[in-house]
6 protein chains.
Amino acid sequence: MRPSGRKLSELRPISIETGVMKHAEGSCLIKVGETHVLCSASLEDRPPPFLKNTGLGWVTAEYGMLPRATNTRNRREAASGKQQGRTIEIQRLIGRALRAGVDRVALGERQITIDCDVIQADGGTRCAAITGGWVALRLAVNKLMKAGVVTTDPLLDHVAAVSCGIYAGQPVVDLDYAEDSEAGTDGNFIMTGAGRLIEVQMSAEGATFSRDQMTELLDLAEAGVAELVAAQKAAL
Amino acid sequence: MRPSGRKLSELRPISIETGVMKHAEGSCLIKVGETHVLCSASLEDRPPPFLKNTGLGWVTAEYGMLPRATNTRNRREAASGKQQGRTIEIQRLIGRALRAGVDRVALGERQITIDCDVIQADGGTRCAAITGGWVALRLAVNKLMKAGVVTTDPLLDHVAAVSCGIYAGQPVVDLDYAEDSEAGTDGNFIMTGAGRLIEVQMSAEGATFSRDQMTELLDLAEAGVAELVAAQKAAL
Amino acid sequence: MRPSGRKLSELRPISIETGVMKHAEGSCLIKVGETHVLCSASLEDRPPPFLKNTGLGWVTAEYGMLPRATNTRNRREAASGKQQGRTIEIQRLIGRALRAGVDRVALGERQITIDCDVIQADGGTRCAAITGGWVALRLAVNKLMKAGVVTTDPLLDHVAAVSCGIYAGQPVVDLDYAEDSEAGTDGNFIMTGAGRLIEVQMSAEGATFSRDQMTELLDLAEAGVAELVAAQKAAL
Amino acid sequence: MRPSGRKLSELRPISIETGVMKHAEGSCLIKVGETHVLCSASLEDRPPPFLKNTGLGWVTAEYGMLPRATNTRNRREAASGKQQGRTIEIQRLIGRALRAGVDRVALGERQITIDCDVIQADGGTRCAAITGGWVALRLAVNKLMKAGVVTTDPLLDHVAAVSCGIYAGQPVVDLDYAEDSEAGTDGNFIMTGAGRLIEVQMSAEGATFSRDQMTELLDLAEAGVAELVAAQKAAL
Amino acid sequence: MRPSGRKLSELRPISIETGVMKHAEGSCLIKVGETHVLCSASLEDRPPPFLKNTGLGWVTAEYGMLPRATNTRNRREAASGKQQGRTIEIQRLIGRALRAGVDRVALGERQITIDCDVIQADGGTRCAAITGGWVALRLAVNKLMKAGVVTTDPLLDHVAAVSCGIYAGQPVVDLDYAEDSEAGTDGNFIMTGAGRLIEVQMSAEGATFSRDQMTELLDLAEAGVAELVAAQKAAL
Amino acid sequence: MRPSGRKLSELRPISIETGVMKHAEGSCLIKVGETHVLCSASLEDRPPPFLKNTGLGWVTAEYGMLPRATNTRNRREAASGKQQGRTIEIQRLIGRALRAGVDRVALGERQITIDCDVIQADGGTRCAAITGGWVALRLAVNKLMKAGVVTTDPLLDHVAAVSCGIYAGQPVVDLDYAEDSEAGTDGNFIMTGAGRLIEVQMSAEGATFSRDQMTELLDLAEAGVAELVAAQKAAL
C-alpha cells in the first residue's frame, strides 16, 4: 500500500559511513534510502561572542542542498543571495535538536558547527541530517576527549530523528518523497537514545488530525528512532 | 507559583477589538495579557503566480515586531536588510495554520494576506497572531461573501493557538515572557474550533520531556484553545 | 472647497496619548485626523561609535509603515530586503529635525532612538511622526532628568511639524491624502515652540510656485505649528 | 570673511563643457569652482512600466560619487551593496527638480535618465548636478526634436539650483566645502529660468533661523540662479 | 622534491565515477588526488531569455564548495548572502571553457547547467570541475541524442583542464594545495582533446616569469590534459 | 582590414594626464583611443586587518564604469545592489597585477587603493586601468618617498597591460570594441617594464587557438607593452 511496498512501520535501509571528509574533526555520509546527506563537524576553540566568559559551549548547524539533489534543479542559494525560509527553519531545528543532547558546561567555551549538505533528496532530509549530524558531533567530541581538552563527556545521549505522517489515511514512518508530497499530515520526532522527546513537530498539510492519531504517530516514532540509534551505534 | 500568580491552566485576560485599521478588509487588535498584536487581512483579486489557473485560492501571513515591542530595542528588520530566522519561521507557521482551516476551492483564485504586527510583546506572540489573524481573515471573508463573490464559506472552522510548556517542573498554559525564558520545554498547539489538531510544536529548550508530559500539555492546550475560540466568537 | 470641508487654515483634530508602549522610555500614539503614528523613544547609555569620547549625545529616528496602513497593501520593507528611498528620506528628516532642538552637550554621551511606526496613513505621516516623536523624546528625557543622570535639560524647545501646500490654487495647511495626491505644490515646515524655523521643504509636484505663495504658506505653517505645540503641551 | 575671499553674493567660477561623453544622447562636464560633475542623458524609447499606455514620459536621475572625489576616500557604493541614504535623497531631488520643468505629454512615452557622477567634490554637488543635468537633458531633447520624433518642446523652462546658507552669522550663496561644514543653516533653492520656485530645502544644522533670514536667502538664491541660467545658455 | 614525491610532470591519481546523482541528466564524482568534485548536468528545454528565438543553446556552470571542504571551515556563501569574487571568477571560467567545446546551433534552444560542488579540496578544484563537468555534460547530451531531440552531436571535442606552475623554481603540473600555496607563478590551461587551446591563465603570485618558462608550462599542460582526456574516455 | 584602419601591431593613440583629481595622493586620466579611464591612488596609513603586525603593505584595486560609458546605458551597480561578476573579475585582476610589481616589505604596513573608473569605453578598459593605475600608484609612492616615510622604492618595475586577440583570422593588438565583439580569441597580457610576464589571460570566445597563434600574440604583446611603458615614462 505504500508506494515503496514497505510496511507501515518499516524504515528505509540506513547506512552511515564515517570519516568521509578528511579535513573535518568528524564526518559521515548518511544514506536513508535514496536520501543522502554529508555531515561534518567543525571545531572552533572559542565560543560565539554571546557566550564569551560564560563557561558554556555551543553547537550550531547549517543545512544546504546541492542544486540538483532534487528531481528538478533548485536555484543555488548562494547565487540567489539568500537562504530560503525552509532552509533557515531546518538548520535552526538541527542545531536546537543537537544542543538538547549536549552538556554545554562540560563542552566548555568552544563551538562545534555541524554542516549538513544534502547530496541527494528523497524525503526526510532534515531527519537524516539530525541523525547523521549527531554522528559527526560524536566523532568530533571523541577527538576532544582523546586530546584531553575535554574530560567529562559533553554528550548526554544519542539524538536521532524520524519523520511520521498520515498517508492514505494510515500512520506511516520515514516517508519518502512520494509519500511526503501526498501526506495529509506529516512531521518529525526527535528523541534521545533513552526515548525521551526533544522535539515534536506535526503539521496538517491537507487534513487536520486527532489525538488518537497523534498517539499512533508517537508509537511509530519511538520504534523508528530506536532503529536509528542502533544504526548510529553500529557506525561508531 | 507562576510569576503572575496564575493557576497552571489559567490563560491571561484576552481582548479582541475588531475594525481597528480602516483600510484593511478585516482587522483586529488582539491583547493576550501584555502581548498586543495588530492583525489585518488584505485581499487581492488574483492568486499568487504558482496558483494561476488552478481554481485555488491562497492565504499567507507576514509577521513583524516593532523595534521597541520588547524590553530592549531590537534592530528594525527593514533596516538590517533581512528578516531574522525567527521571523521567517513564525510567519510560515501562521500562514500554514490559517490555510489548514481554509477550503481553497471555495475561496477561488484570490489571495488574502494576513499581517501580524506585534505592538508589545510579553511571550506568546505567535499564538496571539494566529488567534487574532483568524479573526481578521474571518472579517475579510465575510466581506467577500456579503459581496456575493464567494458563495460557499471557505472557512471550515475556527483556528486558534496557545502555548504550553513545562515551567519549574509543572505543565503550564499560555506562558508569559517571565515563564517562557525559563521553561525547560515549550511549544505551541494550534487547533480548530472542534478540537482537531492542526500543528503541534513542542521543543526541549533545556530539558527533554516524556510522553506523559506530552499528554498533560495536550490536555492544557485543548482547554486553552477552547477559551480562545470562545473569545473569537464573542468578538465577531 | 477642501474635500474634508475644512477651512484653508484649519488643522485636523489632534490627539496625543502618552505611555502606550510599556517597555519604551517614552512613547505616544499621535492621531492627526485619520493618520495614526506610534512613537517610542529608546535610550542607550552609550553614544554611536562616531561620537565616542566627544562628550556629545545623539538623537536618531527610524520610520516604518505597517503594510496595510494605506489603502492598498504595500510590500513589507523587511521582506523586500531594503527600505525605500521615501522611508530613508523621511527618517533622516525626523532625526535631523529632532536634533535641532537638542543640546547635545547637555544630553551627554548617550543615544536616544525615536521609532515612528505608521499604523494608519491619511497624509502628513512625517509631520505627525516629528510632532509625536518629540513627545516621546520629551518623556524619555524627563526620565533621565528625574533619575539625575542628566541635570541640564537637553531639550531647548518644542519641535513640531505641519504640511502645507497649494491645492486647487489655494494655500492650505495639514493636507490629508485626498489633497496631498492632488496638490500642485506641497511640503513641510518644521519649527520650534518659539516659532523659529528648523526645516523648510517645499516642492513643486505639478506646478511651480511664486515667492508670494511661499510667504502665504509660511503664514499658515506658523499658525499650524503653534496649535501642534499647544497639543504637545496638553498631552504632557 | 568667507574662506575663499568671495563676497556674500558671489558664486564660484562656472564652466559647462558639452558633448564630453560620446555615447550619451546629451552630456556635459559642469565645474562650479572645484566641484566637478559629469552629467549624461540616456534616452529610452519606452516609458517606465507604471506609465505604459498613459501617453506620458518620464525623466529620472541617478547620482554617484567616485570614491576619491572627496578628501578622504569613501567606500564604493557598488562594493558595499547599497546606496547611502544621502545618495538616495539627492537623486530623488534631482529627478523631481528636472521633471518640474518638463511637459510630460509633449515628451510622450519615453524615458530620459540623467546620470550625475561627481568626479571631484567641494560642496554643492547636488546643485551642480541639477544645473548640469538640465544641460544634458536639453541636449538629448534637442536630438529628439531634430529627429522629428518630438514636435512640441517638452522643456518648459531652464532649471537650475544654488545652495545658500548662514555662515558665521551671514547669509551666503554657493557654499564651498569649508563653508558647508561650518554653516549653521544651509539648503538649496531650485528655480526656473523665469525665477519661479521649484523646490526649497532649508535646514538648520546647528542653529535655527528666522523668517527674515529666510527672506535674505531667497534674495541671494534668485540672483544666483539667474547667473547659472545664463551659464547654461552660454554653454548651449 | 615535490612535497608529494611526484615527478615534475606527474599528475595525481584520477578517478571519475559516473551516474552518482540519480536525479541529474548527467553526473560524476571526479577525484584528482584528494580533490573531490561532484559534477551534475541539468537540462532545461528552453534557453536563457537572451537567446530566445535565436536557435542557439547555452551551457553555463555554477561552482560551490562545502564549508568544510578545506582545512579550516569557510563561511557558507548562502549564509553570508553573496558569492565570493573567487567563486564568481571560477564559475564564469568553467562555463566559458565548456561552451568553447559546444556547437550551440546543434544543441538548439535549450540550456544545460553544470553544477560543480567541491566535496573536498586539495588544490586544482577548478581544473577538476572543468574535467568532470565535461563528463556530466557529455552524459546529458548523450541522453538528448538517444531521445532523438538532438541529432547532430553538439560536443565538438573533449574539454579538460590542468593547473601548472613554478614551484621552488621548477615547472610542475597539477599542483596540490601544499604546492599551490607556495608557487611563485601558477595558472590553468584548458584544452581540447585535439590539443587546441581554449584558455590560458597564468599569473605571477610572487615572482614574474619569462617566455621560456611559459613555454615549459605549455609543454607540461599538453601532456597533462592528454592524460585527463584519456581518463574521461575511460569513464564514459 | 581592421575596422579602424590600424596595422595589426598598431596601438591606438595613448594619452596620460596626471594630477587630475586634487584630493588623491596620485591620479591620472588615461586615454587609449576612445577608452578613457580615471585612475586614483588613495593611501591609508594602516594595512588591511589580515596584514596587521606582518610588516607587509598591500595594494588593492576597485573598478567601476559610469552607466553611460557604453553605447547603451548599463544599470548602475550601486543601485542594483551588487557588482557584476565581470567587475569583480576585473578588479581582482588589476590588484593582482599591480601587486606583482610591488615590494611589500619596502612599502611597509600601509595600504594603497587604486580606483579605476571608466568614463568612456571602447574596448580594453581593464588594460587601460592597469596601465593608468600604475601611474597613479607611482605618484602616490613618490609622495611617500618624498615625505621620507618610505625609504626604499617599493615599486620594482613598471607594470602595463595590452589586449591581443585573433580578429578575422589575424593576430592583432589593442582591440577596440568593434574588434573585441567579433574576435574569436582574445585576452590580455600584463608585463613589467623589463618584459617579464605578470599575467597571461587568453580565451577562446568562438574559436580555439593553436600554440603558434599563442606565440604570435605574445610577440605583439611584448611590443605593445613596451610602447605603453614608454607612455607611462613620458607622463611622469
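Below, chain A is the first sequence line, B the second, and so on; all start at residue 1.
Ranked by non-hydrogen atom pairs under 4.5 Å with chain D, the options F:A41, F:A121, F:A78 are led by F:A78. The candidate with the highest count of non-hydrogen atom pairs below 4.5 Å against chain D, out of F:E77, F:M21, F:K82, F:E62, is F:E62. With chain F as partner, the option from D:S80, D:G64, D:A69 having the largest number of non-hydrogen pairs under 4.5 angstrom is D:A69.
In this structure, chain F has a heavy atom under 4.5 Å from the side chain of D:S40, while its backbone stays farther away. For chain D, the nearby part of F:C116 is the backbone; its heavy atoms alone come within less than 4.5 Å. Interface residue F:T113: only side-chain heavy atoms are found under 4.5 Å from chain D. Both the backbone and the side chain of F:I119 come within contact range of chain D, with heavy atoms under 4.5 Å apart. For a residue to count as touching a neighbouring chain, one of its non-hydrogen atoms must lie under 4.5 Å from one of that chain's; by this rule F:N71 touches chain D with backbone and side chain alike. For F:K22, the parts lying under 4.5 angstrom from a heavy atom of chain D are both the backbone and the side chain. With a threshold of 4.5 angstrom between heavy atoms, F:Q120 approaches chain D through side-chain atoms but not through N, CA, C or O.
We find the CG-CZ distance between F:L51 and F:R110 to be 13.0 Å, quoted to the nearest 0.5 Å. With values rounded to the nearest 0.5 angstrom, F:D180 atom CG is found 9.5 Å from F:T35 atom OG1. Summarising the geometry, atom CD1 belonging to F:I90 is positioned 9.5 Å from atom CD belonging to F:Q84; distances are rounded to the nearest 0.5 Å.
Looking at D:R76 and F:D115, a side-chain N of the basic residue comes within less than 4.0 Å of a carboxylate O on the acidic one, giving a salt bridge. The residues D:E25 and F:R68 are annotated as salt-bridged, a charged nitrogen and a carboxylate oxygen being separated by less than 4.0 angstrom. The existence of a salt bridge linking F:R138 and F:D153 is confirmed by a sub-4.0 Å separation between a basic side-chain nitrogen and an acidic carboxylate oxygen.
Checking D:Y177 against D:T70 by side-chain atom types alone, no donor-acceptor pair falls below 3.5 Å.
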